[in-house]
Visitor: 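This is the structure I want to talk about, given as structure tokens.
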Amino acid sequence: EKDNLLIKGNGTTTIYGYGAGNGFFDVKAKGVTIQGIVFIDNNPKNNLTYDGSVNGWGVRFAGSAAQGGVVDNCVFNNFNQAVVVSSCDYITVKNSAFYGGYATKLINDPTVNKEQGSKVISVMGSHYITVLNNTFAGVVLDAISIAGGSGDAKILNNTFINNVYSIFF
């Protein structure tokens, strides 16, 4: 674990794969920046977010040990959860693009989960999150999901195309 680390691609640096309950980068240090990398999930339909589980994420910032992280100028293709922020403050996602994803039809049946699908940027229990100058294109359930115990989020100058919910909070 190293604080203030820069993980930098050249804009065409590509990482393929998928997480089965895990992800590509699990950040455990303060001030880590991930920049200029293309992430492609090879098997997104088998990693749907359902009932609060986190499967197949690209980058995760979890806990106070990972605060101050940045995702900058990256591309995420077909992720159900591209960036996960959990109990971690001062995270910035900027100048990035998120393509693809999945969402089911809404089901009018109180005995089943009515919605299932991608939550591209998933924030829970976190504060001072900035989402700036990004593009979210694809039929995703939530492009940005700000959930339980989160606050002070800044969501500025983003483009949302064909999302079920652009911002859910």
Side-chain angles (χ1 to χ4, degrees), residues 1-11 13-44 46-99 101 117-136 140-158 167-169:
E1 297 175 20
K2 180 167 175 54
D3 290 345
N4 301 313
L5 180 66
L6 172 62
I7 301 169
K8 186 174 182 178
N10 63 10
T13 302
T14 304
I15 300 174
Y16 297 89
Y18 73 96
N22 296 310
F24 288 30
F25 284 107
D26 192 3
V27 178
K28 296 182 185 269
K30 287 183 169 68
V32 172
T33 297
I34 298 171
Q35 185 178 65
I37 299 174
V38 176
F39 297 90
I40 299 175
D41 189 334
N42 289 341
N43 199 14
N46 289 331
N47 295 321
L48 281 175
T49 303
Y50 184 75
D51 229 14
S53 66
V54 177
N55 295 317
W57 37 265
V59 177
R60 179 173 73 168
F61 298 95
S64 61
Q67 74 180 10
V70 176
V71 173
D72 183 16
N73 197 31
C74 290
V75 174
F76 294 83
N77 286 311
N78 292 323
F79 275 86
N80 290 296
Q81 291 188 307
V83 179
V84 175
V85 182
S86 178
S87 300
C88 186
D89 299 337
Y90 301 102
I91 301 298
T92 299
V93 180
K94 63 182 182 175
N95 306 317
S96 295
F98 303 87
Y99 301 109
S118 305
K119 295 182 179 186
V120 180
I121 295 179
S122 179
V123 179
M124 182 171 284
S126 304
H127 296 85
Y128 311 109
I129 307 304
T130 301
V131 182
L132 177 67
N133 297 331
N134 300 290
T135 299
F136 300 88
V140 298
L141 183 61
D142 304 340
I144 302 169
S145 179
I146 308 290
S150 296
D152 299 304
K154 293 180 184 176
I155 301 170
L156 304 166
N157 201 34
N158 297 284
I167 304 168
F168 183 85
F169 58 94

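Because the structure is predicted, anything quoted here is derived from the model rather than measured. Side chains are part of it too, since the values below use all heavy atoms of this structure and drop only hydrogens, waters and symmetry mates.
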Visitor: Please say which of Ile129, Thr130, Val131 ends up in a side-chain contact (heavy atoms from CB on, under 4.5 Å) with Thr92.
Guide: Thr130

Visitor: Using side-chain contact (heavy atoms from CB on, under 4.5 Å), reason through Gln35 and Leu6 one step at a time and then give a plain yes or no.
Guide: CA-CA 8 Å; Gln35 185 178 65; Leu6 172 62; 4.0 Å; yes

Visitor: Testing Phe98, Phe24, Trp57 for side-chain contact (heavy atoms from CB on, under 4.5 Å) with Phe79, which one passes?
Guide: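 With Phe79 as partner, Phe98, Phe24, Trp57 yield a single side-chain contact (heavy atoms from CB on, under 4.5 Å), made by Phe24.
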
Visitor: I'd like to know if the side chain of Asn73 and the backbone of Lys94 have a donor-acceptor N/O pair within less than 3.5 Å.
Guide: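 Pair absent, no side-chain N/O of Asn73 close to backbone of Lys94.
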
Visitor: Looking at Ser145, is its backbone amide N or carbonyl O close enough to the side chain of Ser122 to form a donor-acceptor pair, meaning the two atoms are under 3.5 Å apart?
Guide: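 No, Ser122 side chain to Ser145 backbone: no donor-acceptor pair under 3.5 Å.
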
Visitor: Give me the atom names and distance for the closest heavy-atom approach of Val27 to Ala66.
Guide: O-CB, 3.4 Å

Visitor: Testing the 3.5 Å rule here: is there a donor-acceptor pair between the side chains of Asn133 and Asn157?
Guide: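 Judged by distance alone, the side chains do pair up.
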
Visitor: For a quick test of reading the model, state the closest non-hydrogen atom pair linking Ala147 to Met124 and the distance between them.
Guide: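 In this case the closest contact between Ala147 and Met124 is CB-CE, 3.9 Å.
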
Visitor: Is it the case that the side chain of Ser126 and the backbone of Cys88 share a donor-acceptor pair, with hydrogens and angles ignored and the cut-off at 3.5 Å?
Guide: yes

Visitor: Evaluate the criterion side-chain contact (heavy atoms from CB on, under 4.5 Å) for residue pair Ile37 and Ile15; output intermediate values, then yes/no.
Guide: CA-CA 7 Å; Ile37 299 174; Ile15 300 174; 3.9 Å; yes

Visitor: Side chain of Asn158, backbone of Asn134: donor and acceptor closer than 3.5 Å?
Guide: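 Pair found, side chain donor or acceptor close to backbone of Asn134.
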
Visitor: Sequence neighbours excluded, which residues qualify as ring pair (Phe, Tyr, Trp, His ring centres under 6.0 Å) partners of Tyr99?
Guide: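 Counting only residues at least two positions away or on another chain, Tyr99 forms no ring pair (Phe, Tyr, Trp, His ring centres under 6.0 Å).
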
Visitor: Would you say Asp152's side chain and His127's backbone share a donor-acceptor pair under 3.5 angstrom?
Guide: no

Visitor: With a 4.5 Å cut-off on side-chain heavy atoms, are Val120 and Gln81 touching?
Guide: no

Visitor: For the aromatic rings, using the six-membered ring if either is Trp, is the centroid distance between Phe61 and Phe25 under 6.0 Å?
Guide: no

Visitor: If we check side-chain contact (heavy atoms from CB on, under 4.5 Å) with Phe39, which of these qualifies: Thr14, Val59, Val75?
Guide: Val59

Visitor: Got a second to check how far Lys8's NZ is from Asp72's CG, nearest 0.5 Å?
Guide: 9.5 Å

Visitor: How long is the span from the CD1 atom in Ile121 to the CD1 atom in Ile91, to the nearest 0.5 Å?
Guide: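 That separation rounds to 11.5 Å.
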
Visitor: So which heavy atom on Val71 is nearest to which on Phe76, and how close?
Guide: CG1-CE1, 4.0 Å

Visitor: Working note: Ile155 + Leu132, criterion side-chain contact (heavy atoms from CB on, under 4.5 Å); need CA distance, chi angles, decisive distance, verdict.
Guide: CA-CA 6 Å; Ile155 301 170; Leu132 177 67; over 6 Å; no

Visitor: To the nearest 0.5 Å, how far apart are CZ in Phe168 and CG in Asp142?
Guide: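 One finds 6.0 Å between CZ of Phe168 and CG of Asp142.
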
Visitor: Begin from the C-alpha positions of Asp41 and Asn78 and carry the test side-chain hydrogen bond (donor to acceptor under 3.5 Å, both in side chains) through to its verdict.
Guide: CA-CA 6 Å; Asp41 189 334; Asn78 292 323; over 6 Å; no

Visitor: Would you say Asp89 and Gln67 are linked by a side-chain donor-acceptor pair, where the criterion is simply a distance under 3.5 Å?
Guide: no

Visitor: Taking side-chain hydrogen bond (donor to acceptor under 3.5 Å, both in side chains) as the definition, give me every residue that meets it alongside Thr13, ordered by chain and number, with sequence neighbours left out.
Guide: Asn10

Visitor: Going through the distances and angles, do Asn77 and Val38 end up as a side-chain contact (heavy atoms from CB on, under 4.5 Å)?
Guide: CA-CA 8 Å; Asn77 286 311; Val38 176; 4.2 Å; yes

Visitor: Under 4.5 Å between any side-chain heavy atoms of Val32 and Ile7, yes or no?
Guide: yes

